[in-house]
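Have a look at the structure below, then the notes.
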Amino acid sequence: EMGTPFEGTLPAFAVALHRRSNGNPLFLTQLLESPLPQESVPATVASLVGARVAALSAETRTVAEVAALAGQRFSAELLRDVTGYNDATVDLALDELLDRRIVQETAGRGILPYAFGHQLVQQAIAQLVEPGRLRERSRRMARALKQLYPERAREFASQIAADLEAAARYDDAAAEDRVAVEWALD
């Protein structure tokens with residue numbers, strides 16, 4: 001079954017595929033075989049990532065899912081706030097994720113010192129979150145971003161809006177979308 005065809009030039013399609021795969025040959029091949037290479041996580045990649053996540057301890061799986069909902073980059077502080085786990089539990093989970101090369105430390109001195117090894121891995125893990133937990137975790141994520149980083153609230157407004165939308169808080173999400181647009185136009 002074919003998905004929506006790519007609307008653009010062949011070079012633009014190649015650039016989009018390279019961007020999504022980060023040049024990873026396995027991911028590139030799977031994206032090319034996917035019905036919607038520019039939009040979805042290929043089922044084969046999702047299955048591989050799902051198997052790796054299933055092998056993690058229960059606490060590490062939860063931390064990985066929450067991190068994936070946070071986006072490509074995240075902090076231990078954010079994970080602690082959203083999961084309610086103590087420092088030792090989050091640190092052990094991060095160690096396991098780092099050891100298995102699911103996440104990595106980021107370069108530089110930003111407030112989000114961890115990142116997933118690849119965006120498709122992050123997206124595949126986010127898709128593993130049970131719908132019932134997605135709503136509550138997304139609500140807590142939006143709250144945590146606002147409380148932990150009030151000085152960066154405008155910068156995180158787009159992420160907060162997406163979290164609020166996933167939490168079915170549509171009026172609050174619309175307000176954050178307006179903040180995000182204003183920040184982008186500044």
Side-chain angles (χ1 to χ4, degrees), residues 1 3-4 20 27 30 34-36 38-103 112 114-150 152-153 156-180:
E1 174 182 312
T4 306
R20 294 237 27 239
F27 291 160
Q30 298 309 307
S34 175
L36 297 170
Q38 69 275 17
E39 296 175 14
S40 62
V41 176
T44 50
V45 173
S47 177
L48 288 170
V49 172
R52 290 185 69 198
V53 170
L56 300 171
S57 68
E59 291 86 4
T60 302
R61 272 194 309 274
T62 298
V63 167
E65 289 176 0
V66 169
L69 293 177
Q72 184 64 23
R73 294 183 63 171
F74 56 91
S75 69
E77 182 179 43
L78 184 62
L79 299 176
R80 280 190 290 275
D81 196 275
V82 175
T83 63
Y85 290 162
N86 62 33
D87 290 352
T89 302
V90 170
D91 290 347
L92 283 172
L94 282 170
D95 286 347
E96 187 175 355
L97 292 170
L98 287 162
D99 290 346
R100 292 178 184 248
R101 291 188 165 87
I102 294 171
V103 302
L112 304 174
Y114 298 98
F116 282 90
H118 197 281
Q119 68 177 345
L120 290 175
V121 172
Q122 177 259 323
Q123 292 168 355
I125 294 173
Q127 291 175 357
L128 295 173
V129 179
E130 297 171 18
R133 292 183 182 219
L134 174 64
R135 188 172 176 166
E136 182 58 24
R137 286 179 180 169
S138 296
R139 182 192 63 77
R140 290 194 317 256
M141 183 73 64
R143 177 192 45 102
L145 284 169
K146 285 179 140 184
Q147 289 178 349
L148 292 172
Y149 310 113
R152 311 274 298 262
F156 289 126
S158 180
Q159 175 67 39
I160 293 168
D163 291 331
L164 290 168
E165 187 174 328
R169 302 249 173 129
Y170 303 112
D171 290 342
D172 294 334
E176 288 296 330
D177 274 332
R178 282 190 292 280
V179 171

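Note that the structure is a prediction, hence the values are computed from the model and not measured. Residue numbers run from 1 in the order of the sequence given. Values reported hereafter were calculated over all heavy atoms of this structure, with side chains retained and with hydrogens, waters and symmetry mates removed.
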Report task. Please report the shortest heavy-atom distance between Arg137 and Val82, naming the atom on each side. Result -> O-CG1, 4.1 Å
Query raised in the report: Leu48 versus Thr44: any side-chain heavy-atom pair under 4.5 Å?
Result: no
**Report entry** Shortest non-hydrogen contact from Ala126 toward Ala68
**Finding:** N-CB, 3.5 Å
Query - Tyr149: partners by ring-ring contact (aromatic ring centres under 6.0 Å, His included), with sequence neighbours left out - result: Phe156
**Report entry** Partner residues of Arg140 under the salt bridge (charged side-chain N to carboxylate O under 4.0 Å, His left out) criterion, sequence neighbours left out
**Finding:** Glu136
Query raised in the report: Residues two or more places apart in sequence or in another chain: which of them pass side chain to side chain donor-acceptor pair (under 3.5 Å) with Ser47?
Result: none
Query - Partners meeting side chain to side chain donor-acceptor pair (under 3.5 Å) with Thr60 (sequence neighbours left out) - result: Ser57, Glu96
Report task. Check step by step if side-chain contact (heavy atoms from CB on, under 4.5 Å) holds for Val49 and Leu120. Result -> CA-CA 9 Å; Val49 172; Leu120 290 175; over 6 Å; no
Report summary line: CZ of Arg80 to OH of Tyr85, rounded to nearest 0.5 Å, is 14.0 Å
Query raised in the report: Measuring from Arg139:CZ to Met141:CE, what's the distance to the nearest 0.5 Å?
Result: 12.0 Å
Compile the donor-acceptor pairs under 3.5 Å between side chains in residues 160-177 and protein atoms, sequence neighbours left out, one pair per line.
| unit_1 | atom_1 | unit_2 | atom_2 | d |
| --- | --- | --- | --- | --- |
| Asp163 | OD1 | Gln159 | NE2 | 3.0 |
| Asp163 | OD2 | Gln159 | NE2 | 3.3 |
| Glu176 | OE2 | Lys146 | NZ | 3.0 |

**Report entry** Beyond-backbone contact of Val63 with Leu56, side-chain heavy atoms, under 4.5 angstrom
**Finding:** no
Query - Neighbour count >12 (heavy atoms, 6.0 Å) for atom CZ, Arg61 - result: yes
Query raised in the report: How long is the span from the CD1 atom in Ile125 to the CG atom in Leu69, to the nearest 0.5 Å?
Result: 10.0 Å
Query - Rounded distance [0.5 Å steps], CG in Leu92 versus CG in Asp87 - result: 11.0 Å
Requested in this report: Locate the shortest heavy-atom distance separating Val179 from Ala157; write the atom from each residue and the value.
Outcome: CG1-CB, 3.6 Å
Report summary line: Here the pair of heavy atoms bringing Leu78 nearest to Ala144 is CD1-CB, 3.6 Å
Query raised in the report: Which residues satisfy the salt bridge (charged side-chain N to carboxylate O under 4.0 Å, His left out) test with Glu59, sequence neighbours excluded?
Result: none
Report task. Evaluate the ring planes of Tyr114 and Phe74, with Trp represented by its six-membered ring, and classify them as parallel (under 30°), tilted (30 to 60°) or perpendicular (over 60°). Result -> parallel
